[in-house]
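Worksheet for the structure shown next.
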Protein chains: 2
Amino acid sequence: MADEVSTPPSQVVQTATTKVHDVIKQRILDGHYQPHEYIREANLARELEVSRTPVREALRELVSEGWLEAIPHHGSRVVAWTEKDAREVFELRLVLEPMAVRLASERMNEECLAHLGAMATRMEQLTERVEADPSVRNEIASLNHEFHRELILASGNQRLATMLESVVRTSVIRRNFGNYDLTNLRRSMRHHQEILEAIRAGSPAWAEHIMRAHLLAAQALHFRFPVAPDG
Amino acid sequence: MADEVSTPPSQVVQTATTKVHDVIKQRILDGHYQPHEYIREANLARELEVSRTPVREALRELVSEGWLEAIPHHGSRVVAWTEKDAREVFELRLVLEPMAVRLASERMNEECLAHLGAMATRMEQLTERVEADPSVRNEIASLNHEFHRELILASGNQRLATMLESVVRTSVIRRNFGNYDLTNLRRSMRHHQEILEAIRAGSPAWAEHIMRAHLLAAQALHFRFPVAPDG
DNA sequence: GCTCCTGACATTGCATGCAATGTGGAAGGT
DNA sequence: ACCTTCCACATTGCATGCAATGTCAGGAGC
């Protein structure tokens with residue numbers, strides 16, 4: 001009855017369910033699905049040319065991950081973000097990301113540090129081109145996301161990484177560096193470099209507090225330009 | 001295509017999927033399912049007299065929540081806990097629970113505080129009966145869990161509560177106050193009372209630091225009596 | 001005796017049909 | 001005009017059958 005396994009393969013295969021899962025998540029991120037919009041099983045099944053079963057399973061997973069909310073016998077819809085949600089996310093990031101940086105600074109290796117440094121430098125260079133070509137903001141936002149992500153992974157705490165992933169990714173939908181003027185953008189980039197300096201200097205406390213300042217600066221800007229009331 | 005809804009009922013109904021979900025979770029908690037044991041869809045469906053569909057959906061949800069791990073085309077099995085998992089959970093609790101207490105102390109109302117006080121007092125009374133009747137340890141453990149849970153909910157941060165729920169509940173499986181001698185048990189109970197005193201005194205910092213000490217004491221005991229190597 | 005191949009078995013992945021449930025609107029009464 | 005009742009429709013919830021895939025034992029070849 002209780003069978004053990006020899007080797008858990010855990011290889012990455014693309015089943016219909018995972019495909020549907022990724023499609024829905026992408027559509028939420030790029031705004032194809034609006035907040036509070038219902039996602040109907042039959043519609044999506046027809047469109048993606050699969051049966052309702054993998055669609056149902058993907059929807060269940062997305063509900064568990066916090067992307068959708070399910071109302072029994074009525075359907076699953078995209079969650080809408082309120083100011084309370086924004087406050088909760090900031091409170092959590094303000095505690096979890098400094099923690100991640102502190103742990104990372106104790107466990108960092110040279111290779112990872114070099115990669116992070118390259119990203120930070122690239123972002124600084126791009127920042128000086130923002131006024132000439134506003135489209136580089138997207139590239140900066142993408143690099144910024146990757147920078148934070150890699151820093152968190154370097155903490156060596158897988159649960160922490162998973163939590164922050166779900167917390168952060170949902171908060172950056174359609175909200176990148178659009179509000180940052182050049183002064184704030186430059187400061188943000190300097191923070192990245194200073195975090196790495198603190199790690200190189202072997203000072204977890206320095207790294208932790210710069211990260212906290214980095215987030216508080218972002219928070220101040222956020223509440224200066226609040227989101228439109230979605231729900 | 002994009003339909004809005006008037007009132008999201010969100011009422012609690014007991015579908016077959018939720019029933020299976022709860023049964024599996026309970027069986028993991030009480031040890032009926034061993035770590036690394038595979039849960040077969042067909043077996044459970046026969047036993048609970050439902051079809052494989054709700055079983056499959058429940059398994060998917062439990063995988064997303066971290067109770068099970070899925071190997072494609074091979075099945076879902078109970079996660080096994082290593083010392084690395086224990087370290088990760090302690091690191092997270094050590095940051096999240098003090099945060100929760102700090103927030104709770106800023107938003108606490110009288111009714112909740114009274115209820116917490118009653119639980120803390122009850123636990124202290126039970127502690128003095130442990131030597132005469134060891135079975136009260138279970139009741140203390142249960143009250144302790146409820147105490148922490150209510151304190152966390154009082155933080156007013158729903159995401160924080162959800163995260164801590166998933167982090168803490170998985171770590172207390174078959175590991176309650178069995179290792180605590182009377183001295184440590186008494187100290188633990190005094191910590192509870194002191195947390196409430198700090199909240200009443202209007203000192204979030206005091207509350208936060210006592211909670212941290214409370215967890216570090218528990219951590220010291222844990223690594224004094226490590227778990228058997230499960231996996 | 002050891003290795004590699006092959007085929008049967010067990011298990012999950014997916015499709016489809018029917019049942020259960022919630023919603024909205026039409027019809028009838030007041 | 002307004003409220004209530006009831007029925008048809010839309011949608012999800014569940015059951016079942018078949019397809020795809022992974023595992024493992026047994027046998028052929030060396």
Side-chain angles (χ1 to χ4, degrees), chain A residues 1-24 27 33-34 36-65 67-79, chain B residues 1-24 27 33-34 36-65 67-79:
Chain A
M1 187 66 79
D3 46 351
E4 295 289 319
V5 77
S6 50
T7 57
S10 182
Q11 68 187 18
V12 183
V13 289
Q14 185 78 343
T15 79
T17 299
T18 62
K19 174 184 152 196
V20 175
H21 180 110
D22 293 346
V23 167
I24 298 173
R27 288 187 177 181
Y33 289 142
Q34 296 296 313
H36 274 181
E37 178 175 346
Y38 277 86
I39 299 178
R40 299 303 180 186
E41 299 174 0
N43 290 349
L44 198 56
R46 268 196 307 277
E47 184 188 347
L48 301 183
E49 294 179 311
V50 296
S51 81
R52 277 178 51 219
T53 305
V55 175
R56 284 177 60 75
E57 295 184 348
L59 290 176
R60 289 260 177 192
E61 289 178 351
L62 290 161
V63 169
S64 292
E65 294 168 18
W67 298 91
L68 305 176
E69 56 189 346
I71 290 119
H73 294 103
H74 192 81
S76 304
R77 66 179 188 183
V78 180
V79 297
Chain B
M1 188 67 77
D3 47 351
E4 296 289 318
V5 76
S6 52
T7 58
S10 181
Q11 68 188 18
V12 184
V13 289
Q14 186 77 343
T15 80
T17 299
T18 62
K19 175 185 151 196
V20 175
H21 180 110
D22 293 346
V23 167
I24 298 174
R27 288 188 177 180
Y33 290 142
Q34 297 295 313
H36 275 181
E37 178 177 346
Y38 277 87
I39 299 178
R40 299 303 179 187
E41 298 174 0
N43 291 348
L44 197 57
R46 268 196 307 274
E47 184 188 349
L48 301 183
E49 295 179 311
V50 295
S51 80
R52 278 177 48 217
T53 306
V55 176
R56 284 177 60 76
E57 295 184 348
L59 291 176
R60 289 260 177 190
E61 289 178 351
L62 290 162
V63 169
S64 292
E65 293 168 18
W67 298 92
L68 306 176
E69 55 189 346
I71 291 122
H73 294 103
H74 191 82
S76 305
R77 66 180 187 183
V78 180
V79 297

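Note that the structure is predicted; figures quoted are calculated from it, not measured. Proteins get letters first, then strands, A, B, ... in listed order; numbering begins at 1 in each.
DNA chain D is contacted by B:R52, B:T53, B:P54 of residues 52-60 of chain B, taking any non-hydrogen atom closer than 4.0 Å.
Contact check for A:L44 versus A:R27: side-chain heavy atoms found under the 4.5 Å cut-off. Side chains of B:L68 and B:V78 form a contact here, defined as non-hydrogen atoms less than 4.5 Å apart. In this structure the side chain of A:R40 never reaches within 4.5 angstrom of the side chain of A:R52, judged on heavy atoms.
You'll find that the side chain of A:E41 is closest to D:dG13, out of C:dC14, D:dG13, C:dT23.
Across the protein-nucleic acid pair, B:H21 atom NE2 and D:dG13 atom P stand 15 Å apart, rounded to whole Å. Counting to the nearest Å, the C1' atom of D:dG22 and the CZ atom of B:R77 are 15 Å from each other. The interatomic distance linking A:R40 (CZ) with D:dC9 (P) rounds to 18 Å, in whole Å. Note: OH (A:Y38) to P (D:dT12) measures 10 Å, nearest angstrom. Summarising the geometry, the separation between CZ on A:R46 and P on D:dA10 is reported as 12 Å, rounded to the nearest angstrom. Nucleotide C:dA20 holds its C1' atom 16 Å from the NE2 atom of A:H74, rounded to whole Å. Here the P atom of nucleotide D:dT12 and the CG atom of A:L68 are 12 Å apart, to the nearest Å. For the pair B:H73 NE2 and D:dG22 P, the computed distance is 6 Å after rounding to whole Å.
Nucleic acid contact class of A:T17 (heavy atoms, under 4.0 Å, all strands): sugar-phosphate only.
Residue B:R77 is tested with B:E37, B:Q34, B:E69 for a side-chain hydrogen bond (donor to acceptor under 3.5 Å, both in side chains); the sole match is B:E69. When the options B:R60, B:E57, B:E61 are evaluated for a side-chain hydrogen bond (donor to acceptor under 3.5 Å, both in side chains) with B:H21, the one that passes is B:E61.
Ranked by how close their nearest DNA chain D nucleotide is to the 5' end, B:S51 and A:A42 are led by A:A42.
The environment of B:E49 atom CD is sparse: at most 12 non-hydrogen atoms of other residues, nucleotides or ligands sit within 6.0 angstrom.
Annotation: the span from A:I24 atom CD1 to A:S76 atom OG amounts to 8.5 Å, rounded to 0.5 Å.
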